[in-house]
Amino acid sequence: MGGMGNMGNLMRQAQKMQKEMQGAQEELKKTEYVGKSVDDLVTVKLNGDHKVLDIKVDEKVIDPDDPDTLTDMLIDAFNNGVDEVAKDQQAKLGKYTNGLM
């Protein structure tokens, strides 16, 4: 009989952990992150679902004769933002997913 009680406790703990993880995932989706390029000349705002919400470009980097620099800065800012999302996800979900991913 003792084994069945332990199984029930494990199931309750698993259900509680699942609810906590779902809450953390929802919080991450609503959180906004900002990725920045060198000198903050380009910023990209995105959410925890990696959806871009806004892009700001300093007019200093808008040069019709040099579109590659702006492209590089956009890529840098976006990747920086994605890294921020990943760090926050690891911080908030790592305790649930360590060993599972």
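This chain uses plain numbering: 1 for the first residue, then up along the sequence.
Looking at residues two or more places apart in sequence or on another chain, you find a side chain to side chain contact (heavy atoms under 4.5 Å, CB included) between D66 and D63, D68, T69. Evaluation of the side chain to side chain contact (heavy atoms under 4.5 Å, CB included) rule for K60 yields L41, D58 as partners, not counting sequence neighbours. The side chain to side chain contact (heavy atoms under 4.5 Å, CB included) check on I62 picks up V57, with sequence neighbours excluded. With sequence neighbours excluded, the residues forming a side chain to side chain contact (heavy atoms under 4.5 Å, CB included) with D88 are L28, T31, Y33, K92, listed by chain and number.
V44 has its side chain within reach of L46: a pair of non-hydrogen atoms, C-beta onward, lies under 4.5 Å apart.
The hydrophobic cluster containing M73 does not contain V34, counting ILVMFWY residues as joined when their side-chain heavy atoms lie under 4.5 angstrom apart, directly or transitively.
For the pair S37 (side chain) and V42 (backbone), a donor-acceptor distance under 3.5 Å is present.
Under the salt bridge (Lys or Arg N to Asp or Glu O under 4.0 Å) criterion, the residue pairs touching residues 35-45 are E32-K45, with sequence neighbours excluded. Sorted by first and then second residue, the salt bridge (Lys or Arg N to Asp or Glu O under 4.0 Å) pairs with a member in residues 75-84 read E84-K87; sequence neighbours excluded.
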Donor-acceptor pairs under 3.5 Å, side chain of residues 10-25 to any protein atom, not counting sequence neighbours: which ones?
from : atom 1 : to  : atom 2 : distance (Å)
R12  : NH2    : N9  : OD1    : 2.4
E20  : OE1    : Y96 : OH     : 3.3

For residues 47-55, dump all side-chain donor-acceptor pairs below 3.5 Å to protein atoms at least two apart in sequence or in another chain.
from : atom 1 : to  : atom 2 : distance (Å)
N47  : OD1    : D49 : N      : 2.9
N47  : OD1    : H50 : N      : 3.3
N47  : OD1    : K51 : N      : 3.1
D54  : OD2    : K56 : NZ     : 2.9

